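All remarks here apply to the structure that follows.
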2 protein chains.
Amino acid sequence: MTVTSTKRKKLKAKGWKFGDVQDFLELSDEEMAFIEMKLALGRSLKARRQRKGLSQAALARLINSSQSRVAKMETGDASVSIDLLIKSLLALGASRKELAKSIEQSKRRAAA
Amino acid sequence: MTVTSTKRKKLKAKGWKFGDVQDFLELSDEEMAFIEMKLALGRSLKARRQRKGLSQAALARLINSSQSRVAKMETGDASVSIDLLIKSLLALGASRKELAKSIEQSKRRAAA
DNA sequence: TGCAGATATGTCAAATCTGACATATACTGT
DNA sequence: ACAGTATATGTCAGATTTGACATATCTGCA
């Protein structure tokens with residue numbers, strides 16, 4: 001129930017309409033955890049992609065998707081599923097262990 | 001590309017139709033990793049539910065779902081998303097760290 | 001055996017997610 | 001300023017996932 005204001009600030013509220021609550025300030029801890037996991041996976045994807053010197057378009061080709069969806073994945077758009085994020089990371093060679101690390105950690109500086 | 005026969009045996013092939021490959025023996029390593037992650041999460045869910053002494057129907061009520069979907073989650077039905085598994089586990093009180101552990105490990109005896 | 005509770009499986013309409021496309025915005029080099 | 005490249009955002013038809021329901025199978029237990 002209680003959500004720290006620090007956490008609130010992090011959400012860009014792009015399309016998030018969780019459960020019955022329309023006000024994104026009223027997110028429960030579980031909802032926040034879920035969203036932060038998505039954001040963390042998005043950051044990992046971006047880091048991995050950049051480490052390989054790929055553009056979003058190039059990655060999109062690689063995983064049979066589109067540049068716009070890759071962008072949405074990396075920016076944490078509410079319309080992307082964790083399934084898609086995980087499939088994409090696996091396609092980029094991430095191991096389950098690495099995925100676990102992304103999921104576990106809250107922030108972790110995005111490796112440049 | 002190469003899939004060990006040990007891994008193959010584990011799949012009950014209930015509805016899995018991955019990518020273009022219709023033969024479930026032709027799964028790539030990434031596809032296998034993805035499926036095993038789902039199975040691992042399903043095992044975690046079952047273990048957590050049982051630890052709390054809940055029936056599938058009771059858990060279903062708790063997460064606004066149905067007994068049949070809970071069963072599908074726990075048995076690794078192809079129709080369930082990782083998103084749903086994760087949301088359910090979070091609802092049962094799992095932490096991100098615990099989720100990470102499930103995702104990381106391949107098998108791990110289902111805690112009775 | 002028969003009953004009761006729990007779990008599994010199949011189906012389907014409604015809800016959600018997806019790739020594709022258009023277009024906007026940023027960033028660089030010239 | 002312009003052109004080129006990369007990334008972001010909005011929309012939408014088609015695909016996938018969901019809760020719900022029916023029904024089957026399991027698991028004790030009297």
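Proteins come first, then strands; the chains are lettered A, B, ... in the order of their sequence lines, and each starts at number 1. Remember, predicted model here, so these are calculated numbers, not experimental data.
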**Q.** Rounded distance (Å) that lies between atom P of dT16(C) and atom CZ of Phe34(A)
**A.** 13 Å
Q: Apply side-chain contact (heavy atoms from CB on, under 4.5 Å) to Lys46(B) and list each qualifying residue two or more places apart in sequence or on a separate chain.
A: Arg49(B), Gln50(B), Glu74(B)
(Q) Would the distance check show the side chain of Lys72(B) and the main-chain N or O of Ser79(B) forming a donor-acceptor pair, the cut-off being under 3.5 Å? (A) no
Q.
Using 0.5 Å steps for rounding, measure from the CG atom of Leu85(B) to the NZ atom of Lys38(B).
A. 7.5 Å
Q. Listed by chain and number, what are the side-chain contact (heavy atoms from CB on, under 4.5 Å) partners of Ala94(A), not counting sequence neighbours?
A. Arg48(A), Leu89(A), Glu98(A), Leu99(A)
Q) Can you name the closest pair of heavy atoms from Leu39(B) and Gly76(B) and give their distance? A) CD2-CA, 3.8 Å
(Q) How would you summarise protein contacts on nucleotides 23-30 of chain C per nucleotide, using B for base, S for sugar-phosphate only and - for none, with heavy-atom distances below 4.0 Å? (A) --------
(Q) List the residues meeting salt bridge (Lys or Arg N to Asp or Glu O under 4.0 Å) with Arg69(A), not counting sequence neighbours, and say none if there are none. (A) none
(Q) Does Arg49(B) reach a base, just sugar-phosphate, or nothing at all? Heavy atoms under 4.0 Å. (A) sugar-phosphate
**Q.** Student check: side-chain heavy atoms of Leu84(B) and Met73(B) closer than 4.5 Å
**A.** yes
**Q.** Leu59(A) CG - dA6(D) P separation (whole Å)
**A.** 13 Å
**Q.** Rounded distance [0.5 Å steps], CD1 in Ile86(B) versus CE in Met37(A)
**A.** 3.5 Å
(Q) Please report the distance, rounded to the nearest Å, between CG in Asp77(A) and C1' in dC17(C). (A) 11 Å
Q. What's the shortest heavy-atom distance between Ser102(B) and Arg96(A), and which atoms?
A. O-NH2, 3.9 Å
(Q) Roughly what angle, to 10°, lies between the helix axis at the start of the helix from dT1(C)-dA30(D) to dT30(C)-dA1(D) and the one at its end, five pairs per end? (A) 40°
Identify each atom pair where a protein N or O and an N or O of nucleotides 14-20 of chain D are less than 3.5 Å apart, giving names and distance.
{"residue": "dT18(D)", "atom": "OP1", "partner": "Ser81(B)", "partner atom": "OG", "Å": "2.5"}
{"residue": "dT18(D)", "atom": "OP2", "partner": "Ser79(B)", "partner atom": "O", "Å": "3.0"}
{"residue": "dT18(D)", "atom": "OP2", "partner": "Ser81(B)", "partner atom": "N", "Å": "3.0"}
{"residue": "dG19(D)", "atom": "OP2", "partner": "Ser65(B)", "partner atom": "OG", "Å": "2.9"}
{"residue": "dG19(D)", "atom": "N7", "partner": "Arg69(B)", "partner atom": "NE", "Å": "2.9"}
{"residue": "dA20(D)", "atom": "OP2", "partner": "Ser65(B)", "partner atom": "O", "Å": "3.0"}
{"residue": "dA20(D)", "atom": "N7", "partner": "Ser66(B)", "partner atom": "OG", "Å": "3.2"}
{"residue": "dA20(D)", "atom": "N7", "partner": "Ser68(B)", "partner atom": "OG", "Å": "3.4"}

**Q.** Interatomic distance where NZ belongs to Lys46(B) and P belongs to dA6(C) [whole Å]
**A.** 14 Å
Q) How long is the line joining CD of Glu74(A) and P of dT9(D), in whole Å? A) 12 Å
Q | Separation of dT18(C) C1' from Gln56(A) CD (nearest whole Å) | A | 16 Å
Q | Euclidean distance, Leu90(A) CG relative to Glu31(B) CD, rounded to 0.5 Å | A | 10.0 Å
Q) Measuring from Gln56(B):CD to Ser66(B):OG, what's the distance to the nearest 0.5 Å? A) 10.0 Å
